[in-house]
Asks: 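Just passing along the structure, written as structure tokens.
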Protein chains: 2
Amino acid sequence: MALTLRQLEIFLAVAETGHVTSAAKRIHLTQSAVSMAISEMENILNGPLFDRQGKKLILNDRGRFLLPYAREIVNKVRNIELLLSEPEGELVGHLHVGASSTIGNYVMPYVVSAFTREHPKVYINLVVGNSRQIEQQVEEGVLDIGFIEGLVHSNKIESQEWLTDRLNIIANPQHPLCQKKELSVHDLVDARWIMREEGSGTAEIFKNTISKYISNFEVFLELGHTEAIKKAVEAGMGLSCLSALTVCREVENGWLKILHIPELEITRQLLIIIRKDKLKTNLLREFISFCNFIKDCCQASEICLTSPYKLLQLLEHHQEMVV
Amino acid sequence: MALTLRQLEIFLAVAETGHVTSAAKRIHLTQSAVSMAISEMENILNGPLFDRQGKKLILNDRGRFLLPYAREIVNKVRNIELLLSEPEGELVGHLHVGASSTIGNYVMPYVVSAFTREHPKVYINLVVGNSRQIEQQVEEGVLDIGFIEGLVHSNKIESQEWLTDRLNIIANPQHPLCQKKELSVHDLVDARWIMREEGSGTAEIFKNTISKYISNFEVFLELGHTEAIKKAVEAGMGLSCLSALTVCREVENGWLKILHIPELEITRQLLIIIRKDKLKTNLLREFISFCNFIKDCCQASEICLTSPYKLLQLLEHHQEMVV
DNA sequence: ATATTATCAAAAATTTTGATTGATTTTTTA
DNA sequence: TAAAAAATCAATCAAAATTTTTGATAATAT
């Protein structure tokens, strides 16, 4: 690669003015520097780019061919410099975000879409996996930031508390237990349970907790997907226990009902995780503060992010605060 | 305009290798020059482009944002240089050609050797992969041209039809079915099938097609390599279905026989793919026209490229036409 | 006669190198 | 298994090499 950007710039100036001297003035160089740069280019490209008509330099076919490319390339580099070097300017960048399954499927899509709506030049790549995988990829540096349930294992990672998730026991609204007020664990003895299969963190926590109260606790049906479980519960096949984040929309619409049982009020902390030694770019800092804002709002208003619409409401609020 | 093309090149090398030292080797600079160039860029762009993890340099969001632009710009300038600096006369250059497995193993070697025989100063690097990989590398600009079976996914790529491939059902010549004239699908009910294992495009197409006619279609033996399958069929272990390109030599020599079954006449289009915005150098243009010539000849004469010798015959014909 | 381009050697700026330092990773040893 | 030693790597600095730019001059066109 022998051509330089400088040469392309000089070429543009000459092509556009048609004169070496005026081009030199335009880009604050001496006439001699411009002349030499052009002949160097013609050397590199193995042939002339201009027809010399007396004192004028007029593009020949090769020069005409080069012109649009030179323009495009120079413009592109200028744009990039502007975008990346302006610290106060518009936010740009490619952020790699990871989230565990529940967060990744039920929360992050809204967060990501709201954030990119505010910062259209930002591209966010959302990776969904289990908490272990996400943590590992954050540690490796593949991901800039991760959102997980549960604990952090690596000592290279720092975490901060994000939203609090609640495990809800859900039932079809026509279910007999929904009619009763003041439920207790003992009302659940004869219930049929529909749960995620072995390996789900949510299911495990719930089984451990309820086993303390109900000795012969047994799962009636195991399903592989959260959505399938909700459908089964809606259909009245039994009860289940799922993250509030995954069921709040159905609850709002009255398709499912939550059974409040004092002994089984299980909450768990969602965490934001980042490598300790990670240098926070503007973009990353901004994204974190955006997430923290969402956290504050959710805590204050007990709102659950059931729709992009709700998040947008929060955002307007955010805008006001910024202004 | 502070950034230079050199810096972008260096940035690419570091981003792609993840290390300063290996990047330096790749572009024939010292470790120190590379290190300084990167920090100079980070200066110009007012912030880091990499996370330093011990000895590794991993792109951060700003670096990832820059990467595709850097690639594009560097590629563009390289293309322009190549194109404009190419002298008339003897063809020279390094062509990067990719081909999917069948084409790459059974067709391209002949094409490449014939082409370089005509143009001894040309070096061709032939990469074999699956169609997906080849397409991606053509899109990235790693490959100048690709040859694939199946469809193009990227909208940055233009394709043109090349040879037509046929799936042939093959049998040992002593196989009872070879004695019969006028075969139909129903004659295959009791056949033993030897196929490529799960994941082979060819095997998949065939299974889908024959399942329409034979309900309990079952594979008797799965093997990992095309050559192994041919050997097994030659040994009389059963029938198989393979691309005509891979079996035509054995068929010509009488080691295998093709069973023609009207319902199972499966053909598929082989494609030549190139980035839409690729500047075609003399070399690339010449290579494409060479491939098109081969296509025309194969269509006209129903010849299958079973040997370098046959291709040479075609070439003599080509020479005549040129002269 | 004036203005302009091309060319040359000298000056200025920049890129690259070689050597060194400090950190991290891998291998060896206890 | 843990500690010590060796090897590897990135960053930094000053010197060297290279490239770019200048100032002066010759050649050419209006």
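Bear in mind that the values here come from a model prediction, so they are computed numbers and not experimental data. Throughout, protein chains are lettered first and strands after them, A, B, ... in sequence-line order, and every chain is numbered starting at 1.
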Asks: Answer whether the closest heavy-atom distance between the side chains of A:Leu279 and A:Leu284 falls below 4.5 Å.
Replies: no

Asks: To the nearest angstrom, how far is B:Gln53 atom CD from C:dT24 atom P?
Replies: 12 Å

Asks: If you take atom types as modelled and just measure distance, does the side chain of B:Lys55 reach the base of D:dT8 with a donor-acceptor pair under 3.5 Å?
Replies: yes

Asks: Considering residues, nucleotides and ligands other than A:Glu161, do more than 12 of their heavy atoms fall under 6.0 Å from its CD?
Replies: no

Asks: Measure from CG on A:Asn43 to C1' on D:dT19 and round the result to the nearest Å.
Replies: 15 Å

Asks: At what distance, to the nearest 0.5 angstrom, does CD1 of B:Ile80 lie from CD of A:Glu72?
Replies: 8.0 Å

Asks: Angle between the end axes of the helix from C:dA1-D:dT30 to C:dA30-D:dT1, five pairs per end, to the nearest 10 degrees?
Replies: 30°

Asks: What is the distance from CD of B:Glu40 to P of C:dA13, rounded to the nearest Å?
Replies: 15 Å

Asks: B:Gln7 has an atom CD; how far is it from atom P of C:dT15, in whole Å?
Replies: 6 Å

Asks: Return the nearest nucleotide to the side chain of A:Gln31; candidates are D:dT21, C:dT17, C:dT5.
Replies: C:dT5

Asks: Contact class for A:Thr4 vs. all strands (heavy atom < 4.0 Å): base, sugar-phosphate, or nothing?
Replies: sugar-phosphate

Asks: For B:Lys56 and D:dT8, give me the distance from atom NZ to atom P, rounded to whole Å.
Replies: 18 Å

Asks: Measure up the B:Phe115 and B:Phe287 rings against each other and bin them: parallel (under 30°), tilted (30 to 60°), perpendicular (over 60°).
Replies: perpendicular

Asks: Can you say whether a donor on the side chain of B:Ser32 sits under 3.5 Å from an acceptor on the base of C:dT16, or the other way round?
Replies: no

Asks: To the nearest angstrom, how far is B:Arg6 atom CZ from D:dT20 atom P?
Replies: 12 Å

Asks: For the NZ atom on B:Lys25, are there more than 12 heavy atoms of other groups (residues, nucleotides or ligands in this structure) within a distance under 6.0 Å?
Replies: no

Asks: Looking at A:Val128, A:Leu126, A:Val127, which hits side-chain contact (heavy atoms from CB on, under 4.5 Å) with A:Met108?
Replies: A:Leu126

Asks: Between B:Phe11 and B:Leu59, is there a side-chain heavy-atom distance shorter than 4.5 Å?
Replies: yes

Asks: Which whole-number value in Å describes the distance from A:Ile10 CD1 to C:dT5 P?
Replies: 14 Å

Asks: Expressed in angstrom and rounded to an integer, what is the separation of B:Leu8 atom CG from C:dT15 atom P?
Replies: 12 Å

Asks: Show me the pairs that pass side chain to side chain donor-acceptor pair (under 3.5 Å) and involve residues 125-145 of chain A, at least two apart or across chains.
Replies: A:Glu135-A:His153, A:Gln136-A:Glu140, A:Glu139-A:Ser154, A:Asp144-A:Lys278, A:Asp144-B:Arg64

Asks: Do B:Glu16 and B:Arg26 come within less than 4.5 Å of each other through their side chains, counting heavy atoms only?
Replies: yes

Asks: Which sits closer to the 5' end of DNA chain D, B:Gly54 or B:Met36, going by the nucleotide each is nearest to?
Replies: B:Gly54

Asks: For DNA chain D, which residues of residues 12-30 of chain B approach it to below 4.0 angstrom with any heavy atom?
Replies: B:His19, B:Val20, B:Thr21

